[in-house]
Protein chains: 2
Amino acid sequence: MVSLKDIAVKCGVSIATVSKALNNHKDISEATKELINRTAKEMGYLPNSFARALKTNKTYNLGVLFADEANNGLTHDYFNRVLNSFKEEAERKGYDITFINKHVGEKCLSYYEHAKYRGVDGIVIACINFYDPDVVELIQSDIPVVTIDHVFDNRTSVVSDNIKGMQDLVTYIYQMGHRKIAYIHGADSSVTRNRVGSFYKTCGELGLTIPDSYVQSGIYRDPESTALLTRQLLNLKERPTCILFPDDFSSIGGINTIKQYGLRIPDDISVAGYDGIFLSQFLEPKLTTIRQDTESIGRSAAEKLIAMIENPKASIIERVVVEGRILIGNSVKKQN
Amino acid sequence: MVSLKDIAVKCGVSIATVSKALNNHKDISEATKELINRTAKEMGYLPNSFARALKTNKTYNLGVLFADEANNGLTHDYFNRVLNSFKEEAERKGYDITFINKHVGEKCLSYYEHAKYRGVDGIVIACINFYDPDVVELIQSDIPVVTIDHVFDNRTSVVSDNIKGMQDLVTYIYQMGHRKIAYIHGADSSVTRNRVGSFYKTCGELGLTIPDSYVQSGIYRDPESTALLTRQLLNLKERPTCILFPDDFSSIGGINTIKQYGLRIPDDISVAGYDGIFLSQFLEPKLTTIRQDTESIGRSAAEKLIAMIENPKASIIERVVVEGRILIGNSVKKQN
DNA sequence: ATTTTTTACTTAATCGTTTGCGACAAAGTA
DNA sequence: TACTTTGTCGCAAACGATTAAGTAAAAAAT
């Protein structure tokens with residue numbers, strides 16, 4: 001690989017001059033800058049990122065920490081959409097991405113240690129057990145951090161507006177004439193608490209009292225458990241007229257169960273999902289759901305993180321709330 | 001951050017000794033090794049990966065190059081499964097992952113340049129236009145490369161056995177009594193050519209002649225185009241009794257079209273997918289498909305790549321072919 | 001007892017950058 | 001003329017590690 005030294009020799013100047021010229025310092029004449037830039041290009045020079053990082057302590061690398069309970073990893077359809085837009089925004093700004101894990105060589109170490117080892121400039125944390133001590137260590141560390149879908153008071157966060165999302169969804173269903181609304185929610189997390197809280201609050205404001213049997217604790221992205229709980233709901237004496245599922249994906253389990261039960265959607269019973277994954281718009285019937293704006297969430301997270309990194313002093317704690325949008329399909333029927 | 005120097009001072013030895021002790025060289029006494037390791041741990045020492053990389057030219061970083069035509073990125077359900085298992089295997093061996101792109105700072109450069117800049121030890125290439133000059137540059141470069149689902153004669157590759165997969169699928173469908181089999185395939189690629197070729201070959205061997213109108217050129221992971229082409233097939237004078245879709249995901253478009261057309265699956269017409277994504281087993285009816293072993297594909301790719309990196313001289317070109325497995329659902333009906 | 005080998009460690013160069021400081025000439029100012 | 005300013009550029013240290021070569025003492029061999 002051609003280094004600054006090679007260019008320096010060819011141009012008959014010192015290494016320092018080459019470095020400064022390439023970095024466009026003001027104490028180099030335009031003429032030599034031009035010469036150096038030209039020969040650098042000719043020789044196919046590429047900066048050495050380690051050498052640079054070693055000296056400047058800046059890597060242009062962002063850490064991504066993500067681990068859902070089911071260990072879906074990159075196959076997690078919400079996370080990979082968020083990550084994809086995060087990645088695109090980061091790359092646009094010249095940053096690369098490194099996944100934070102607990103390995104380095106044969107050794108196992110903490111997330112913080114791995115992040116330090118790789119020298120990431122900042123970290124985005126998503127879809128994780130935020131009470132994991134290793135995560136807490138990261139949150140309290142000296143590394144810039146942005147969290148997604150969870151709020152810490154000393155950290156900037158980007159969250160999907162699950163409160164408004166659920167409110168919009170319930171309100172729409174109410175306006176369609178439903179009064180008996182059931183909700184199979186996912187495992188406990190900030191997201192779940194917001195959704196469940198908003199579900200109860202909105203129902204309350206609309207004058208609905210929801211029996212405990214209508215709110216079931218399920219698992220995200222698990223069609224099987226959703227199917228099971230759906231069956232329980234269908235067996236209730238007073239059957240709900242509409243069921244909210246944990247998410248679009250798991251709704252497939254619920255929908256199948258309902259059909260097997262001999263009920264038609266939406267004629268006999270209505271359903272709704274959450275997420276707005278691409279697939280949801282191809283289900284039969286087309287699913288009514290809340291489309292989370294994963295595009296904005298990922299992009300905002302990258303923007304905020306990079307802003308923190310590049311302007312450390314001005315870093316104020318920000319709370320970005322990204323609204324979703326209701327997608328009205330054919331899965332919720334107008335009641336009369 | 002605590003460095004070798006700090007440990008050296010504390011232990012009263014030279015930096016070199018500390019380095020060697022930590023790396024378990026044989027010319028350091030057990031006693032001092034023990035001392036150094038202990039104080040290193042006490043002081044919370046972490047090696048500096050750049051410094052190490054600068055000296056050794058080894059980063060323990062693997063480049064991932066991936067860009068499908070539709071620019072799905074990480075949301076691509078086949079790729080993200082492959083990548084996920086690649087990542088897990090890599091991490092288990094102490095390697096991290098870096099996405100190769102064309103950015104570095106404000107500049108745009110080639111994949112090769114980006115890879116060199118980041119100093120990745122090797123690269124895995126998947127789901128990409130392998131005729132892109134920038135990809136060819138990488139293939140012909142000095143960097144260890146493993147390709148997925150495409151074979152170059154000078155490079156190790158891991159491919160899903162699309163030939164056997166399609167053969168199994170067609171044979172099964174034939175055994176179920178079908179003689180009029182249509183195939184909506186995806187856009188041109190190695191994968192597509194293998195599948196289409198195997199489709200024709202298997203049909204031929206089974207004594208079937210497939211009219212041109214039965215083989216349609218569609219788009220992967222696109223329910224809409226698949227829906228359109230499905231309708232064309234349904235409108236044929238001599239309608240096929242079974243339709244193969246490009247993949248499970250796009251099959252949803254086809255299935256919906258068939259239902260809207262007033263036909264029942266599998267009673268009136270049979271269908272099959274390809275991929276074996278999780279979802280396919282929750283469709284109604286459960287989809288008959290080929291489950292590609294993404295787990296093995298990703299893992300093998302990581303294994304082969306790391307083997308090449310860690311044993312450069314012994315590197316022979318390998319061709320790993322990973323067989324899929326037919327998943328028999330209820331979407332193909334026994335004909336009489 | 002002397003030489004050789006082994007053990008255990010140190011010295012110092014090196015990887016490719018960045019950057020504060022100093023040097024020196026040309027230009028400006030008094 | 002003498003001094004200061006300005007514009008260019010080089011020197012050299014530093015970042016944190018690795019490693020070949022050297023050294024001194026202890027152990028083994030003669």
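All of these numbers come straight from a predicted model, not from anything done at the bench. Letters A, B, ... are given to chains in the order of the sequence lines, protein chains preceding strands, and every chain is numbered from 1.
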Peer 1: Does the side chain of B:Ser14 get closer than 4.0 angstrom to OP1 or OP2 of C:dT10 through an N or O atom?
Peer 2: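 Result: yes.
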Peer 1: Side-chain donor-acceptor pair under 3.5 Å between B:Asp96 and A:Tyr117, yes or no?
Peer 2: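 No, no side-chain donor-acceptor contact under 3.5 Å.
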Peer 1: What's the NE2-P distance between B:His25 and C:dA8, to the nearest Å?
Peer 2: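 Interatomic distance, NE2 of B:His25 to P of C:dA8: 15 Å.
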Peer 1: Establish, with yes or no, whether the OP1 or OP2 oxygen of D:dC9 is under 4.0 angstrom from a side-chain nitrogen or oxygen of A:Ser29.
Peer 2: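 Checking A:Ser29 against D:dC9: at least one side-chain N or O falls below 4.0 Å of OP1 or OP2.
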Peer 1: For C:dT17, take OP1 and OP2 only and decide whether either is under 4.0 Å from a side-chain N or O of A:Tyr45.
Peer 2: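 Affirmative; the distance criterion is met.
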Peer 1: Does the pair A:Lys116/A:Glu113 count as a salt bridge with the N-to-O cut at 4.0 Å?
Peer 2: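 Result for this pair is no, no salt bridge flagged.
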Peer 1: Under 4.0 Å between a side-chain N/O of B:Thr56 and OP1 or OP2 of C:dC15, yes or no?
Peer 2: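 No, because none of the side-chain N or O atoms of B:Thr56 sits under 4.0 Å from OP1 or OP2 of C:dC15.
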Peer 1: If only side-chain N and O atoms of A:Arg52 are considered, is one of them under 4.0 Å from the OP1 or OP2 phosphate oxygen of C:dG16?
Peer 2: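 Indeed not, no polar side-chain atom of A:Arg52 lies that close.
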Peer 1: Check whether the side chains of A:Thr59 and A:Asp121 place a donor and an acceptor atom closer than 3.5 Å, and report yes or no.
Peer 2: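 Yes, because at least one side-chain N or O of A:Thr59 sits under 3.5 Å from a partner of the opposite role on A:Asp121.
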Peer 1: Quick check: on DNA chain C, is the nucleotide nearest B:Glu30 upstream (toward 5') of the one nearest A:Leu46, or the reverse? Name the residue that is more 5'.
Peer 2: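 On the 5' side of the pair lies B:Glu30.
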Peer 1: Just call it for B:Ile36: base, sugar-phosphate, or nothing, with non-hydrogen atoms closer than 4.0 Å on any strand.
Peer 2: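 B:Ile36: no heavy atom of the nucleic acid under 4.0 Å.
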Peer 1: Over how many whole Å does the gap from A:Asn48 atom CG to D:dG16 atom P extend?
Peer 2: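 In whole Å, D:dG16 P and A:Asn48 CG are 16 Å from each other.
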Peer 1: Ignoring the backbone of A:Ala16, work out which of D:dA17, C:dT19, D:dT18 is nearest its side chain.
Peer 2: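 Closest of the options to the side chain of A:Ala16: C:dT19.
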Peer 1: To the nearest angstrom, how far is B:Lys55 atom NZ from C:dC15 atom P?
Peer 2: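 Checked: the NZ to P distance equals 7 Å.
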Peer 1: Would you mind classifying the nucleic acid contact of B:Ser3 as base, sugar-phosphate or nothing, using non-hydrogen atoms under 4.0 angstrom?
Peer 2: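 Sugar-phosphate only.
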Peer 1: Atom CG of B:Leu4 to atom C1' of D:dT18: distance rounded to whole Å?
Peer 2: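 These atoms are roughly 9 Å apart.
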Peer 1: Counting only side-chain nitrogens and oxygens, does A:Ser19 get under 4.0 Å of the OP1 or OP2 atom of C:dT17?
Peer 2: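 A:Ser19 to C:dT17 OP1/OP2: no side-chain N or O under 4.0 Å.
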Peer 1: Rounding to a whole Å, what distance do you find between B:Lys58:NZ and D:dT18:C1'?
Peer 2: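 That distance rounds to 15 Å.
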Peer 1: Classify the nucleic acid contact of A:Asn57 as base, sugar-phosphate or nothing, counting any heavy atom under 4.0 Å across all strands shown.
Peer 2: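 Answer is nothing: A:Asn57 stays at 4.0 Å or more from every strand.
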Peer 1: Side chain of B:Asn23: nearest nucleotide among D:dT8, D:dG16, D:dT18?
Peer 2: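 It is D:dT18.
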Peer 1: Could you give the CD1-to-P distance, from A:Ile28 to C:dC24, as a whole number of Å?
Peer 2: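 It is 18 Å, rounded to the nearest whole Å.
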Peer 1: Grab the NZ-C1' distance between B:Lys20 and C:dA12 for me, whole Å please.
Peer 2: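 Interatomic distance, NZ of B:Lys20 to C1' of C:dA12: 12 Å.
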Peer 1: For B:Asp68, is there an ion pair with B:Arg221 - N to carboxylate O distance below 4.0 angstrom?
Peer 2: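 No salt bridge links B:Arg221 with B:Asp68.
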Peer 1: Tell me: NZ of A:Lys33 to P of D:dT8, nearest whole Å?
Peer 2: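 Rounding to the nearest Å, NZ of A:Lys33 and P of D:dT8 are 9 Å apart.
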Peer 1: Could you check, using the six-membered ring where one of them is a Trp, whether A:Tyr78 and A:Tyr220 have ring centers closer than 6.0 angstrom?
Peer 2: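 Centroid separation for A:Tyr78 and A:Tyr220: 6.0 Å or greater.
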